[in-house]
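Residue numbering restarts at 1 for every chain, and letters A, B, ... go by the order of the sequence lines. Every heavy atom of this structure was used, including side-chain atoms; hydrogens, water molecules and symmetry mates were not.
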Amino acid sequence: MTSRIIVLHQSEIVRKGLASMISTLWKKEIVQISDMNQFPDRDLCMKCNLLVFVETSLAEEVLILAEDSKVEAVLITANNQPVTGDLDSLRCVNLYSDISLLKGIVDDFIKNEPESTAGENDLTQREKEILRLVAMGYSNKEIADSLFISIHTVITHRKNITGKLGIKSISGLTVYAIINRLIDPGQIDLEKFI
Amino acid sequence: MKLFTSEDKLSRVVTDNYHLLPVINRFGIRLGFGDATIGEICAERDIHVPFFLVIINAFHHPDYFPKSEFLKFSPRLIVDYLRHTHQYYLSWVVPKMEKQLENLVESSQTNTEDLRLIILFFRKYKSELLYHIKDEEDSVFPYVLRITAAYEDGVPLSEEDWGKSIETYEKEHSDVDEKMTDLKNLVIKFLKADYNDNLCNDFLITLFRFERDLIDHSRIEDKILVPMITRIENILKNDQ
Ligand SMILES: [Fe+2]
Ligand SMILES: [Fe+2]
(Lines give C-alpha, C1' and ligand atoms only; values in the text may rest on other atoms or scores of the structure.)
(Ligands and ions follow the chains in the order given, each with its own letter.)
Protein backbone atom coordinates (compact mmCIF):
# COMPACT_ATOMS: atom_id res chain seq x y z
CA MET A 1 0.00 0.00 0.00
CA THR A 2 1.45 3.37 -0.95
CA SER A 3 1.54 6.36 1.32
CA ARG A 4 1.10 9.87 0.08
CA ILE A 5 0.78 13.36 1.47
CA ILE A 6 -1.59 15.82 -0.21
CA VAL A 7 -1.63 19.56 0.28
CA LEU A 8 -5.00 20.97 -0.76
CA HIS A 9 -5.22 24.76 -0.72
CA GLN A 10 -6.30 27.46 -3.13
CA SER A 11 -3.29 29.61 -2.42
CA GLU A 12 -0.18 28.65 -4.31
CA ILE A 13 1.99 30.34 -1.70
CA VAL A 14 0.51 28.19 1.07
CA ARG A 15 0.72 24.99 -1.04
CA LYS A 16 4.32 25.50 -2.01
CA GLY A 17 5.39 26.73 1.41
CA LEU A 18 3.79 23.86 3.26
CA ALA A 19 5.05 21.30 0.73
CA SER A 20 8.58 22.56 1.05
CA MET A 21 8.43 22.32 4.84
CA ILE A 22 6.96 18.81 4.66
CA SER A 23 9.62 17.73 2.19
CA THR A 24 12.28 18.06 4.89
CA LEU A 25 10.39 15.45 6.92
CA TRP A 26 8.90 13.20 4.24
CA LYS A 27 10.97 11.80 1.42
CA LYS A 28 8.14 10.42 -0.68
CA GLU A 29 5.54 11.96 -2.91
CA ILE A 30 3.83 15.22 -1.90
CA VAL A 31 0.87 16.14 -4.15
CA GLN A 32 -0.16 19.78 -4.35
CA ILE A 33 -3.69 20.52 -5.54
CA SER A 34 -5.90 23.61 -5.53
CA ASP A 35 -9.43 22.15 -5.68
CA MET A 36 -11.45 19.01 -5.10
CA ASN A 37 -11.58 18.10 -8.79
CA GLN A 38 -7.97 17.02 -8.59
CA PHE A 39 -8.51 14.98 -5.44
CA PRO A 40 -8.01 11.19 -5.83
CA ASP A 41 -11.25 9.28 -6.38
CA ARG A 42 -12.78 7.08 -3.77
CA ASP A 43 -11.20 3.87 -5.08
CA LEU A 44 -7.76 5.30 -4.71
CA CYS A 45 -8.58 6.65 -1.26
CA MET A 46 -9.39 3.14 -0.17
CA LYS A 47 -6.12 1.77 -1.50
CA CYS A 48 -3.76 4.47 -0.28
CA ASN A 49 -2.57 5.79 3.00
CA LEU A 50 -3.28 9.48 2.66
CA LEU A 51 -2.45 12.41 4.85
CA VAL A 52 -4.29 15.48 3.57
CA PHE A 53 -3.50 19.00 4.65
CA VAL A 54 -6.63 20.87 3.67
CA GLU A 55 -7.95 24.41 4.01
CA THR A 56 -10.95 24.68 6.29
CA SER A 57 -13.49 25.52 3.59
CA LEU A 58 -12.75 22.27 1.68
CA ALA A 59 -12.39 19.97 4.66
CA GLU A 60 -16.03 18.79 4.75
CA GLU A 61 -15.81 17.49 1.19
CA VAL A 62 -12.58 15.65 1.95
CA LEU A 63 -14.17 14.00 4.97
CA ILE A 64 -17.08 12.75 2.89
CA LEU A 65 -14.79 11.27 0.30
CA ALA A 66 -12.55 9.87 2.96
CA GLU A 67 -15.22 8.11 4.96
CA ASP A 68 -14.19 4.54 5.96
CA SER A 69 -10.87 4.90 4.22
CA LYS A 70 -7.35 5.44 5.42
CA VAL A 71 -7.40 9.15 4.80
CA GLU A 72 -6.42 11.45 7.58
CA ALA A 73 -7.27 15.14 7.24
CA VAL A 74 -5.38 17.96 8.92
CA LEU A 75 -6.81 21.46 8.79
CA ILE A 76 -4.78 24.37 7.56
CA THR A 77 -6.06 27.29 9.61
CA ALA A 78 -5.27 30.96 9.76
CA ASN A 79 -5.35 33.05 12.91
CA ASN A 80 -8.76 33.80 14.45
CA GLN A 81 -10.56 31.44 12.16
CA PRO A 82 -13.10 29.47 14.21
CA VAL A 83 -13.35 25.71 13.62
CA THR A 84 -16.83 24.31 13.98
CA GLY A 85 -18.92 21.16 13.77
CA ASP A 86 -17.38 17.91 12.51
CA LEU A 87 -14.09 19.62 11.91
CA ASP A 88 -13.66 20.15 15.61
CA SER A 89 -12.04 16.76 16.07
CA LEU A 90 -9.41 17.23 13.35
CA ARG A 91 -5.86 18.25 14.00
CA CYS A 92 -4.74 21.65 12.72
CA VAL A 93 -1.66 23.40 11.51
CA ASN A 94 -1.86 27.12 11.77
CA LEU A 95 -0.23 29.29 9.13
CA TYR A 96 1.68 30.95 11.93
CA SER A 97 2.68 27.85 13.87
CA ASP A 98 6.23 26.60 13.77
CA ILE A 99 7.55 23.44 12.15
CA SER A 100 7.54 21.32 15.32
CA LEU A 101 3.76 20.96 15.17
CA LEU A 102 4.00 19.87 11.55
CA LYS A 103 6.79 17.48 12.43
CA GLY A 104 4.65 15.77 15.06
CA ILE A 105 1.89 15.15 12.55
CA VAL A 106 4.18 13.86 9.79
CA ASP A 107 6.09 11.65 12.26
CA ASP A 108 2.85 10.03 13.40
CA PHE A 109 1.93 9.39 9.80
CA ILE A 110 5.33 7.82 9.06
CA LYS A 111 5.02 5.69 12.19
CA ASN A 112 1.71 4.26 11.05
CA GLU A 113 2.87 3.51 7.56
CA PRO A 114 2.18 -0.11 6.64
CA GLU A 115 5.19 -2.32 7.11
CA SER A 116 5.29 -3.71 3.59
CA THR A 117 6.83 -0.48 2.30
CA ALA A 118 10.19 -1.46 3.79
CA GLY A 119 12.84 -3.48 1.98
CA GLU A 120 13.81 -6.95 3.15
CA ASN A 121 16.62 -5.93 5.42
CA ASP A 122 15.41 -2.46 6.29
CA LEU A 123 13.64 -2.09 9.56
CA THR A 124 9.91 -1.48 9.35
CA GLN A 125 8.43 1.57 11.05
CA ARG A 126 7.16 -0.62 13.86
CA GLU A 127 10.55 -2.20 14.34
CA LYS A 128 12.20 1.22 14.41
CA GLU A 129 9.74 2.32 17.04
CA ILE A 130 10.53 -0.72 19.16
CA LEU A 131 14.25 -0.36 18.59
CA ARG A 132 14.03 3.24 19.76
CA LEU A 133 12.40 2.14 23.01
CA VAL A 134 14.86 -0.73 23.51
CA ALA A 135 17.75 1.65 22.95
CA MET A 136 16.33 4.03 25.53
CA GLY A 137 16.38 1.25 28.08
CA TYR A 138 12.74 0.23 28.28
CA SER A 139 11.92 -3.35 29.24
CA ASN A 140 9.82 -5.63 27.03
CA LYS A 141 6.92 -5.18 29.43
CA GLU A 142 7.15 -1.38 29.31
CA ILE A 143 7.37 -1.43 25.52
CA ALA A 144 4.37 -3.75 25.27
CA ASP A 145 2.34 -1.50 27.57
CA SER A 146 3.21 1.73 25.82
CA LEU A 147 2.45 0.36 22.33
CA PHE A 148 -0.61 -1.66 23.41
CA ILE A 149 0.81 -4.93 22.11
CA SER A 150 1.67 -8.21 23.85
CA ILE A 151 5.10 -8.98 25.27
CA HIS A 152 5.21 -11.89 22.88
CA THR A 153 4.84 -9.49 19.94
CA VAL A 154 7.61 -7.29 21.34
CA ILE A 155 9.92 -10.31 21.59
CA THR A 156 9.11 -11.34 18.01
CA HIS A 157 9.90 -7.83 16.80
CA ARG A 158 13.16 -7.82 18.72
CA LYS A 159 14.17 -11.14 17.19
CA ASN A 160 13.48 -9.73 13.73
CA ILE A 161 15.45 -6.57 14.47
CA THR A 162 18.45 -8.58 15.64
CA GLY A 163 18.13 -10.88 12.63
CA LYS A 164 18.12 -7.98 10.20
CA LEU A 165 20.90 -5.95 11.81
CA GLY A 166 23.12 -8.69 13.24
CA ILE A 167 23.20 -6.77 16.53
CA LYS A 168 22.09 -8.48 19.70
CA SER A 169 23.18 -6.57 22.79
CA ILE A 170 21.13 -3.65 24.07
CA SER A 171 24.13 -1.35 24.07
CA GLY A 172 24.92 -2.39 20.50
CA LEU A 173 21.35 -1.56 19.49
CA THR A 174 21.66 1.79 21.26
CA VAL A 175 24.76 2.63 19.21
CA TYR A 176 22.94 1.62 16.03
CA ALA A 177 19.94 3.76 16.95
CA ILE A 178 22.08 6.83 17.55
CA ILE A 179 24.22 6.34 14.43
CA ASN A 180 21.05 6.06 12.38
CA ARG A 181 19.48 9.07 14.10
CA LEU A 182 16.59 7.06 15.50
CA ILE A 183 17.29 8.56 18.87
CA ASP A 184 19.07 11.65 19.99
CA PRO A 185 22.05 10.88 22.25
CA GLY A 186 20.84 13.75 24.46
CA GLN A 187 17.80 11.61 25.34
CA ILE A 188 19.82 9.00 27.19
CA ASP A 189 22.62 8.66 29.66
CA LEU A 190 25.32 7.22 27.40
CA GLU A 191 27.53 6.00 30.21
CA LYS A 192 24.64 3.98 31.54
CA PHE A 193 23.39 2.46 28.29
CA ILE A 194 26.60 1.82 26.45
CA MET B 1 43.77 -32.69 7.23
CA LYS B 2 47.46 -32.97 7.91
CA LEU B 3 48.35 -32.62 11.56
CA PHE B 4 51.68 -31.31 12.81
CA THR B 5 53.85 -33.97 14.47
CA SER B 6 56.88 -33.80 16.74
CA GLU B 7 59.13 -34.45 13.70
CA ASP B 8 57.98 -31.29 11.92
CA LYS B 9 60.26 -28.30 11.97
CA LEU B 10 58.80 -25.51 14.07
CA SER B 11 59.80 -22.97 11.40
CA ARG B 12 57.44 -24.77 9.03
CA VAL B 13 54.58 -24.49 11.51
CA VAL B 14 55.07 -20.75 11.58
CA THR B 15 55.28 -20.36 7.81
CA ASP B 16 52.21 -22.58 7.36
CA ASN B 17 50.13 -20.48 9.70
CA TYR B 18 51.44 -17.26 11.14
CA HIS B 19 48.40 -17.03 13.44
CA LEU B 20 50.21 -19.66 15.52
CA LEU B 21 53.00 -17.24 16.44
CA PRO B 22 51.40 -15.95 19.66
CA VAL B 23 50.28 -19.51 20.49
CA ILE B 24 53.88 -20.69 20.35
CA ASN B 25 54.97 -17.75 22.49
CA ARG B 26 52.52 -18.86 25.18
CA PHE B 27 54.75 -21.89 25.72
CA GLY B 28 57.77 -19.66 26.23
CA ILE B 29 59.13 -20.40 22.76
CA ARG B 30 60.65 -17.47 20.89
CA LEU B 31 61.85 -17.20 17.33
CA GLY B 32 65.36 -17.99 16.16
CA PHE B 33 65.06 -21.76 16.58
CA GLY B 34 66.79 -22.57 13.27
CA ASP B 35 65.79 -25.92 11.79
CA ALA B 36 64.94 -27.61 15.08
CA THR B 37 61.89 -29.89 15.19
CA ILE B 38 58.96 -29.51 17.55
CA GLY B 39 60.19 -32.51 19.54
CA GLU B 40 63.68 -31.06 19.96
CA ILE B 41 62.49 -27.62 20.96
CA CYS B 42 60.00 -28.96 23.46
CA ALA B 43 62.57 -31.30 25.02
CA GLU B 44 64.98 -28.44 25.46
CA ARG B 45 62.39 -26.28 27.23
CA ASP B 46 60.67 -29.03 29.16
CA ILE B 47 57.39 -28.59 27.29
CA HIS B 48 54.87 -31.43 27.26
CA VAL B 49 55.01 -32.48 23.57
CA PRO B 50 51.58 -34.14 23.16
CA PHE B 51 49.93 -31.14 24.82
CA PHE B 52 51.80 -28.68 22.61
CA LEU B 53 50.77 -30.64 19.50
CA VAL B 54 47.11 -30.82 20.46
CA ILE B 55 47.03 -27.08 21.15
CA ILE B 56 48.63 -26.01 17.88
CA ASN B 57 46.68 -28.54 15.80
CA ALA B 58 43.35 -27.55 17.33
CA PHE B 59 44.17 -23.89 16.70
CA HIS B 60 45.31 -24.58 13.14
CA HIS B 61 42.35 -26.76 12.11
CA PRO B 62 39.10 -25.33 13.51
CA ASP B 63 37.41 -28.70 12.91
CA TYR B 64 40.02 -30.64 14.83
CA PHE B 65 39.24 -30.84 18.50
CA PRO B 66 40.21 -34.21 20.00
CA LYS B 67 38.30 -34.07 23.26
CA SER B 68 39.50 -37.42 24.54
CA GLU B 69 43.14 -36.46 23.90
CA PHE B 70 42.66 -33.20 25.74
CA LEU B 71 40.98 -34.84 28.71
CA LYS B 72 44.08 -36.96 29.34
CA PHE B 73 46.18 -33.95 30.33
CA SER B 74 46.48 -32.57 33.81
CA PRO B 75 44.23 -29.55 34.49
CA ARG B 76 47.45 -27.78 35.55
CA LEU B 77 48.71 -27.79 31.97
CA ILE B 78 45.42 -26.43 30.71
CA VAL B 79 45.23 -23.68 33.33
CA ASP B 80 48.80 -22.69 32.62
CA TYR B 81 48.08 -22.36 28.92
CA LEU B 82 44.83 -20.44 29.53
CA ARG B 83 46.60 -18.04 31.88
CA HIS B 84 49.27 -17.28 29.33
CA THR B 85 46.50 -16.66 26.82
CA HIS B 86 44.78 -14.22 29.20
CA GLN B 87 48.09 -12.46 29.67
CA TYR B 88 48.43 -12.05 25.93
CA TYR B 89 44.94 -10.55 25.68
CA LEU B 90 45.39 -8.19 28.61
CA SER B 91 48.87 -6.96 27.91
CA TRP B 92 48.74 -6.88 24.14
CA VAL B 93 45.55 -7.43 22.15
CA VAL B 94 43.02 -5.38 24.11
CA PRO B 95 45.24 -2.28 24.50
CA LYS B 96 46.19 -2.59 20.83
CA MET B 97 42.56 -2.64 19.70
CA GLU B 98 41.79 0.37 21.86
CA LYS B 99 44.74 2.29 20.45
CA GLN B 100 43.73 1.39 16.90
CA LEU B 101 40.21 2.66 17.56
CA GLU B 102 41.55 5.90 18.96
CA ASN B 103 43.69 6.37 15.87
CA LEU B 104 40.63 5.73 13.77
CA VAL B 105 38.69 8.47 15.57
CA GLU B 106 41.55 10.89 15.04
CA SER B 107 41.55 10.15 11.33
CA SER B 108 37.89 11.07 10.98
CA GLN B 109 36.98 14.47 9.60
CA THR B 110 33.31 14.91 10.29
CA ASN B 111 32.03 11.79 11.96
CA THR B 112 33.88 11.81 15.25
CA GLU B 113 30.63 11.69 17.22
CA ASP B 114 29.66 8.29 15.85
CA LEU B 115 33.18 6.96 16.19
CA ARG B 116 33.25 8.05 19.81
CA LEU B 117 30.15 5.96 20.36
CA ILE B 118 32.00 2.98 18.92
CA ILE B 119 34.85 3.60 21.36
CA LEU B 120 32.35 3.83 24.21
CA PHE B 121 30.86 0.53 23.08
CA PHE B 122 34.31 -1.02 22.80
CA ARG B 123 35.10 0.08 26.37
CA LYS B 124 31.90 -1.54 27.57
CA TYR B 125 32.92 -4.73 25.80
CA LYS B 126 36.41 -4.44 27.24
CA SER B 127 35.23 -4.01 30.81
CA GLU B 128 33.01 -7.09 30.51
CA LEU B 129 35.84 -9.10 29.03
CA LEU B 130 38.29 -7.98 31.71
CA TYR B 131 35.77 -8.76 34.41
CA HIS B 132 35.29 -12.25 32.98
CA ILE B 133 39.03 -12.86 32.83
CA LYS B 134 39.60 -11.50 36.32
CA ASP B 135 36.92 -13.78 37.67
CA GLU B 136 38.65 -16.77 36.10
CA GLU B 137 42.07 -15.72 37.31
CA ASP B 138 40.96 -14.89 40.85
CA SER B 139 38.33 -17.54 41.52
CA VAL B 140 37.89 -20.23 38.87
CA PHE B 141 41.51 -21.18 38.18
CA PRO B 142 42.59 -21.24 41.86
CA TYR B 143 39.63 -23.51 42.54
CA VAL B 144 40.59 -25.75 39.61
CA LEU B 145 44.12 -26.00 40.99
CA ARG B 146 42.87 -26.87 44.49
CA ILE B 147 40.61 -29.58 43.08
CA THR B 148 43.53 -30.89 41.05
CA ALA B 149 45.82 -30.90 44.08
CA ALA B 150 43.19 -32.83 46.02
CA TYR B 151 42.86 -35.38 43.24
CA GLU B 152 46.48 -35.74 42.16
CA ASP B 153 48.31 -35.14 45.45
CA GLY B 154 45.70 -35.84 48.12
CA VAL B 155 45.74 -32.30 49.50
CA PRO B 156 42.54 -32.01 51.58
CA LEU B 157 39.81 -29.74 50.26
CA SER B 158 38.34 -27.01 52.43
CA GLU B 159 34.75 -27.20 53.62
CA GLU B 160 33.90 -24.34 51.32
CA ASP B 161 35.35 -26.01 48.22
CA TRP B 162 33.33 -29.15 48.83
CA GLY B 163 30.22 -27.07 48.33
CA LYS B 164 31.31 -25.63 45.00
CA SER B 165 30.99 -26.90 41.47
CA ILE B 166 32.85 -25.76 38.36
CA GLU B 167 29.69 -25.72 36.28
CA THR B 168 28.20 -22.88 38.28
CA TYR B 169 31.59 -21.26 38.65
CA GLU B 170 32.73 -20.74 35.10
CA LYS B 171 30.50 -17.98 33.69
CA GLU B 172 29.03 -18.16 30.25
CA HIS B 173 30.89 -16.64 27.32
CA SER B 174 27.81 -15.70 25.35
CA ASP B 175 27.51 -12.08 26.55
CA VAL B 176 31.10 -11.23 25.73
CA ASP B 177 30.95 -13.06 22.39
CA GLU B 178 27.74 -11.25 21.54
CA LYS B 179 29.29 -7.82 22.01
CA MET B 180 32.27 -8.76 19.87
CA THR B 181 29.91 -9.69 17.01
CA ASP B 182 27.93 -6.48 17.52
CA LEU B 183 31.09 -4.41 17.39
CA LYS B 184 32.12 -6.06 14.14
CA ASN B 185 28.74 -5.50 12.52
CA LEU B 186 28.48 -1.90 13.69
CA VAL B 187 31.82 -1.05 12.10
CA ILE B 188 31.43 -3.13 8.94
CA LYS B 189 27.78 -2.51 8.15
CA PHE B 190 26.62 0.68 9.78
CA LEU B 191 29.39 3.12 10.52
CA LYS B 192 29.78 5.81 7.87
CA ALA B 193 33.20 5.33 6.31
CA ASP B 194 34.56 8.75 7.08
CA TYR B 195 38.02 7.72 8.31
CA ASN B 196 41.32 6.43 7.09
CA ASP B 197 40.49 3.09 5.47
CA ASN B 198 43.83 1.51 6.29
CA LEU B 199 43.45 2.32 9.98
CA CYS B 200 40.00 0.79 9.96
CA ASN B 201 41.28 -2.33 8.21
CA ASP B 202 44.04 -2.66 10.80
CA PHE B 203 41.51 -2.48 13.57
CA LEU B 204 39.23 -5.05 11.95
CA ILE B 205 42.08 -7.45 11.24
CA THR B 206 43.08 -7.30 14.92
CA LEU B 207 39.46 -7.88 15.86
CA PHE B 208 39.07 -10.89 13.53
CA ARG B 209 42.27 -12.48 14.80
CA PHE B 210 41.23 -11.89 18.37
CA GLU B 211 37.84 -13.42 17.67
CA ARG B 212 39.48 -16.54 16.33
CA ASP B 213 41.82 -16.76 19.31
CA LEU B 214 38.93 -16.31 21.74
CA ILE B 215 36.87 -19.04 20.09
CA ASP B 216 39.74 -21.44 20.62
CA HIS B 217 40.22 -20.24 24.18
CA SER B 218 36.58 -20.46 25.26
CA ARG B 219 36.28 -23.85 23.62
CA ILE B 220 39.07 -25.21 25.80
CA GLU B 221 37.41 -23.76 28.91
CA ASP B 222 33.90 -24.97 28.11
CA LYS B 223 34.58 -28.29 26.42
CA ILE B 224 37.70 -29.42 28.29
CA LEU B 225 38.30 -27.67 31.57
CA VAL B 226 34.71 -27.75 32.83
CA PRO B 227 33.99 -31.44 32.05
CA MET B 228 37.44 -32.39 33.30
CA ILE B 229 36.87 -30.75 36.69
CA THR B 230 33.29 -32.01 36.89
CA ARG B 231 34.61 -35.54 36.52
CA ILE B 232 37.20 -35.01 39.27
CA GLU B 233 34.56 -33.40 41.53
CA ASN B 234 32.41 -36.50 41.14
CA ILE B 235 35.29 -38.86 41.86
CA LEU B 236 36.24 -36.88 44.98
CA LYS B 237 32.66 -36.80 46.20
CA ASN B 238 32.21 -40.53 45.68
CA ASP B 239 35.39 -41.30 47.58
CA GLN B 240 34.42 -39.10 50.47
FE1 LIG C 1 39.39 -17.36 29.88
FE1 LIG D 1 36.19 -17.85 29.99
Are there more than 12 heavy atoms of other residues, nucleotides or ligands under 6.0 Å from atom [atom1] of [X]?
X: B:W92; atom1: CH2; answer: no
X: B:R116; atom1: CZ; answer: no
X: B:K2; atom1: NZ; answer: yes
X: B:F65; atom1: CZ; answer: yes
X: A:E142; atom1: CD; answer: yes
X: A:K141; atom1: NZ; answer: no
X: B:Y64; atom1: OH; answer: yes

Problem - Heavy-atom closest contact (B:F121 atom, A:G172 atom, distance) - result: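 Scanning both residues, the minimum pair turns out to be CE1-N, 3.3 Å.
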Practice task
Indicate the atoms forming the closest heavy-atom contact of B:K124 with A:S171, along with that distance.
Solution key: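 Scanning both residues completely, I find the closest heavy atoms to be CE-OG, 4.1 Å.
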Roughly how far apart are [X] [atom1] and [Y] [atom2], rounded to 0.5 Å?
X: A:I178; Y: B:E113; atom1: CD1; atom2: CD; result: 10.0 Å
X: B:M180; Y: A:S169; atom1: CE; atom2: OG; result: 12.5 Å
X: B:K192; Y: A:N180; atom1: NZ; atom2: CG; result: 12.0 Å

Handout entry: Side chains of B:L191 and A:I179 in contact at under 4.5 Å (non-hydrogen atoms)
Key =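 Counting from C-beta outward, B:L191 and A:I179 do come under 4.5 Å.
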Practice task
Might you work through the side chain to side chain contact (heavy atoms under 4.5 Å, CB included) test for A:I167 and B:F190, ending with a clear yes or no?
Solution key: CA-CA 11 Å; A:I167 301 177; B:F190 303 116; 3.8 Å; yes
Handout entry: Segment of A:L173 engaging chain B (4.5 angstrom heavy-atom cut-off)
Key =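 Contact with chain B: none, neither part.
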Handout entry: Basic-acidic side-chain contact under 4.0 Å: A:R181, B:D114
Key =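 Salt bridge flag = yes for B:D114 with A:R181.
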Exercise for the section: Would you check, one step at a time, whether the test side chain to side chain contact (heavy atoms under 4.5 Å, CB included) holds for B:D182 with A:K168? Expected result: CA-CA 7 Å; B:D182 289 357; A:K168 247 184 176 169; 4.0 Å; yes
